[in-house]
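Take a look at the structure set out below.
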Amino acid sequence: MELSDCSNEYEKLVVRMNMPRVVIDNGVCPNSTVVKIDSARSPGILLESVQLLTDMNLWITKAYISSDGKWNMDVFHVSDLNGNKLTDENLIRYIEKSIETSHYCKTEGYTGLTALELTGTDRVGLLSEVFAVLADLECDVVEAKAWTHNGRIASMIYVRDGNSGTPIDGDSDRIQRVEGQLRNLLKADDGYQNSTRTCVTYGGNTHMERRLHQRMFMDRDYEKKFDSEKSPIVSVQNLEKRGYSVVNLQCKDRMKLLFDVVCTLTDMAYIVFHAAIRTVGETAFLEFYVRHSDGHPVSSEPERQRLIQCLQAAIERRTVKGVRLELCTADRPGLLAEVTRVLRENGLSIARAEISTKDGIARNVFYVTDANGNLIDPEIIRSIREKIGINDLSVKEPFLTSCREAVEKEQHQELQDQQGRNGGGTVLVSLGSLVMRNLYQLGLIKSYF
């Protein structure tokens, strides 16, 4: 056996010895499935595990993370979107295999595409103009995600040639035209200097949501002042005797919360040594013991404030804003440009977008508000659905819940006013029924009884 063969076999042995060991247990907790991971410490291993679990739409309700020397011991309590344990044996085996190989990377579906990365100043109608430019240049959008935060926008768009279905990066003149026109759309007009960025790459080995966090972070979206009443509660204190910085977060629980936080800590070069995550009702409590990659805790007040702001921004970026519109229809050239043009013409701003195309079917999600970031008049929603297609565009529950809450609030206030005018007598006002009846007539609810 040659020396090179021995070397390769030794490397394989080392890899096998350090592969994560996964145990998935449904008998420990009555309400969740417990995923236990023991692994050799390596850069990004925690983020990789959390990323895998969240990409499979698993809700992490509790977690314990600990590092003992060069070994990690992580425990995650997970459930599906309905809050149930995992019962699909195929899914359980897939989780085990994916974590144990330690090479998880979501590349399927993006091979053979050209990736466009955009950041700039957000404004009403911007995404509509971006998709219109791509349609004019015969670039089909296959996958895309866009986030907005603090007046900034970041987007990753995977495209292919509209005629041949091949990547467009082989044509340098075409790439220059795409970049030039997109850069003109994204030019800053609010005082940010050199803040418009476009990037064209080939292939699909980049995790889209992690990349969006990185683009927002590089764009310094965290610098704008937050509303202290609405911002997540974040504190950073040093534990001098142990040499750790203790990071505590408290906010409303939601999907992918842990991923967003760990992603930001990783990108800021902080290493998590210990952590505890728990949820009480709708509130999540997260505690991390971290050091910077140089081995030191947070060393200055500016660094502490920057860490707090970045973590707040990471949580806020994905916070649901506005009405959730879901489009499901047969894909065709220019579909995105047409749909977003209708939204723009009705004065709606897209706060977040998730674009997906598979087997000729477009499944797109838009979170929209009015130009001022407020809830949209149901009459405008009805008009938009008529233009795009009642059966193709649906309105999801968060909007209906907001409408019902507004109805209840107005009904309560009206009842109090009537009681005051009638000397405290009880007068039942059917305001809520009238509003709910209007929603029913607009096709936004199935029943108002």
Side-chain angles (χ1 to χ4, degrees), residues 116-159 162 178 180-190 195-196 198 212 317 320-329 331-357 362-396 398-399 402 442-444:
L116 309 177
E117 298 182 1
L118 314 173
T119 53
T121 305
D122 186 33
R123 55 182 167 79
V124 175
L126 177 58
L127 273 182
S128 172
E129 295 174 15
V130 168
F131 292 136
V133 164
L134 293 176
D136 289 342
L137 295 173
E138 297 184 328
C139 297
D140 280 351
V141 177
V142 180
E143 297 277 341
K145 288 190 178 182
W147 291 354
T148 63
H149 181 248
N150 277 342
R152 313 299 296 162
I153 185 171
S155 179
M156 270 197 84
I157 306 173
Y158 284 97
V159 300
V178 170
Q181 293 193 37
L182 292 179
R183 190 173 290 112
N184 287 336
L185 291 179
L186 292 164
K187 279 184 178 178
D189 58 3
D190 62 352
S195 59
T196 299
T198 61
L212 287 176
R317 287 170 195 148
V320 174
K321 310 177 188 74
V323 180
R324 178 185 170 107
L325 302 178
E326 291 190 4
L327 176 71
C328 182
T329 188
D331 191 30
R332 63 179 186 274
L335 173 64
L336 267 177
E338 177 185 333
V339 170
T340 53
R341 175 182 56 80
V342 172
L343 298 180
R344 182 191 70 210
E345 290 175 348
N346 283 270
L348 302 189
S349 177
I350 300 176
R352 210 171 91 207
E354 300 174 6
I355 310 301
S356 156
T357 305
R363 301 181 186 277
N364 306 331
V365 177
F366 304 97
Y367 292 88
V368 296
T369 66
D370 67 10
N372 298 317
N374 300 320
L375 199 62
I376 303 168
D377 187 333
E379 185 65 28
I380 296 178
I381 297 295
R382 183 194 63 79
S383 174
I384 291 172
R385 294 186 71 207
E386 288 181 346
K387 292 177 181 177
I388 295 176
I390 294 293
N391 296 326
D392 296 336
L393 188 67
S394 59
V395 185
K396 289 306 174 180
F399 173 63
S402 298
L442 295 176
L444 300 181

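Atom set for the values below is all heavy atoms of this structure, side chains included, hydrogens, waters and symmetry mates excluded.
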Q) Can you find a pair of side-chain heavy atoms, one from Cys328 and one from Asp392, that are under 4.5 Å apart? A) no
Exercise for the section: Could you check Arg332 against Glu338 for salt bridge (Lys or Arg N to Asp or Glu O under 4.0 Å), going step by step and ending with a plain yes or no? Expected result: CA-CA 10 Å; Arg332 63 179 186 274; Glu338 177 185 333; 2.9 Å; yes
Checklist entry - Just wondering, more than 12 heavy atoms not from Arg363 lying within 6.0 Å of its CZ? => result no
Minimal heavy-atom distance between Arg344 and Ser128, with the atoms involved, is NH1-OG, 3.0 Å
Open item on the list: Determine whether a donor-acceptor pair (N or O, by modelled atom type, separation under 3.5 Å) exists between the side chain of Asn372 and the backbone of Asn374.
Closed with: no
Next on the checklist: Go through it in stages, so that I can follow the logic: the residues are Arg324 and Glu354, the test is salt bridge (Lys or Arg N to Asp or Glu O under 4.0 Å), and I'd like the CA-CA distance, side-chain angles, deciding distance and then a yes or no.
Outcome noted: CA-CA 11 Å; Arg324 178 185 170 107; Glu354 300 174 6; 5.5 Å; no
Scanning both residues in full, the closest heavy-atom pair of Val141 with Ala144 reads CG1-CB, 4.0 Å
Original post:
Would you say the side chain of Leu325 lies within less than 4.5 Å of the side chain of Ser394, judging by non-hydrogen atoms?
Top reply: no
Closest non-hydrogen contact found for Phe366 with Ala353 is CD2-CB, 4.0 Å
Do the non-hydrogen side-chain atoms of Leu182 and Leu118 ever get within less than 4.5 Å of each other?
yes
Taken to the nearest 0.5 Å, the spacing of Ile376 CD1 from Thr369 OG1 works out to 6.5 Å
Open item on the list: Assess, by modelled atom type and distance only, whether the side chains of Thr119 and Arg152 contain a donor and an acceptor separated by less than 3.5 Å.
Closed with: no
Residues Ala351 and Thr148: closest non-hydrogen pair is O-OG1, 2.6 Å
Review point. Does the side chain of Phe131 come within less than 4.5 Å of Ile157's, by heavy atoms?
Key: yes
Minimal heavy-atom distance between Gly162 and Asp140, with the atoms involved, is CA-OD2, 3.5 Å
